[in-house]
Amino acid sequence: MTEPPVLTIDGPSGSGKGTVAARVAEKLGWHVLDSGALYRLTALAARRAGVDFADHAAVAEIARKLPVRFEGGKVFLDGEDVSLAIRTETAGNDASKVAAIPEVRAALLDWQRGYARQPGLVADGRDMGTKVFPDAPVKIFLDASAEERARRRYKQLKEKGIDVNLAGLIAEIEERDRRDRNRSVAPLVPADDALIIDSTAMNVDEVVDLVLRAVRKALPDVGKGQ
Ligand code: C5P
């Protein structure tokens, strides 16, 4: 059986990866891996268990045994719906702290690779193209200015009924960027063979279009015979 094709979409927080990944996957009929959710869940589970993020071995143990279930677009941790709880800015910041722990990244590696299934996978994260799926035939690095990303996040959170302040959000996004780009393991960098898209002045449809074009160029047979 041939390997399932993988499209990786990496980039900083708020660059629109999640939305673009979901839309592209829907168009192609492919599966989606939201790898950030795994780091968010690990951090939440560690907090709830009272585990200090400085205790790397204990946090990694939690990552290895996450009692998680994805169902109907929702995420359950130990049977509890945590779909909203993992989307707060605190949860995102906590995620970026546990994501800097090498043992946690190692614990989640095979699990993430297991998401590659036919007819294909869209994998969204920070190191999908560099570490998790280095042989992926199509790699995208989606970027946008910090201000624009904060504005998008602000709108997204407001729509979900989560109250935030824009200036605080810009500061948090910049801090998270710094942590993600400067960590020693799997730092946020584009893969050498990634197509870099700056979406600052683009809407979602335009980005989705560019990504689909890149997929069809690399994989001319995709979608044929469906
Ligand atoms: O993408 P999202 O904002 O949900 O990711 C939350 C955090 O998880 C990121 O700031 C990053 O530190 C971490 N992460 C990662 N590698 C991934 C996905 C997310 O380090 N593949």
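Order of listing sets the numbers, starting from 1, for every ligand and every atom in it. Nothing fancy with the numbering, it's 1 onward along the sequence. What you see is a predicted model, and the numbers here were worked out from it, not measured in a lab.
Here I196 sits in one hydrophobic cluster together with F141, L188; the rule is ILVMFWY side chains under 4.5 Å apart, joined directly or through other members.
Using a 4.0 Å cut-off between a side-chain N of Lys or Arg and a carboxylate O of Asp or Glu, E148 and R152 qualify as a salt bridge.
Among protein residues, K17, S35, G36, Y39, R40, R87, A95, S96, A99, R105, G125, R126, D127, M128, R153, R176, D180, R183 come within 4.0 Å of ligand 1, judged on heavy atoms.
Applying the salt bridge (Lys or Arg N to Asp or Glu O under 4.0 Å) rule to D81 yields the partners K74; only residues at least two apart in sequence or on another chain are considered. In terms of the side chain to side chain contact (heavy atoms under 4.5 Å, CB included) criterion, residue partners of R47 (sequence neighbours excluded) are, by chain and number, F53, D94.
Within a 6.0 Å radius of CG in N203, more than 12 heavy atoms belonging to other residues, nucleotides or ligands are found.
To the nearest 0.5 Å, atom CG of residue D10 and atom CZ of residue F133 are 10.5 Å apart.
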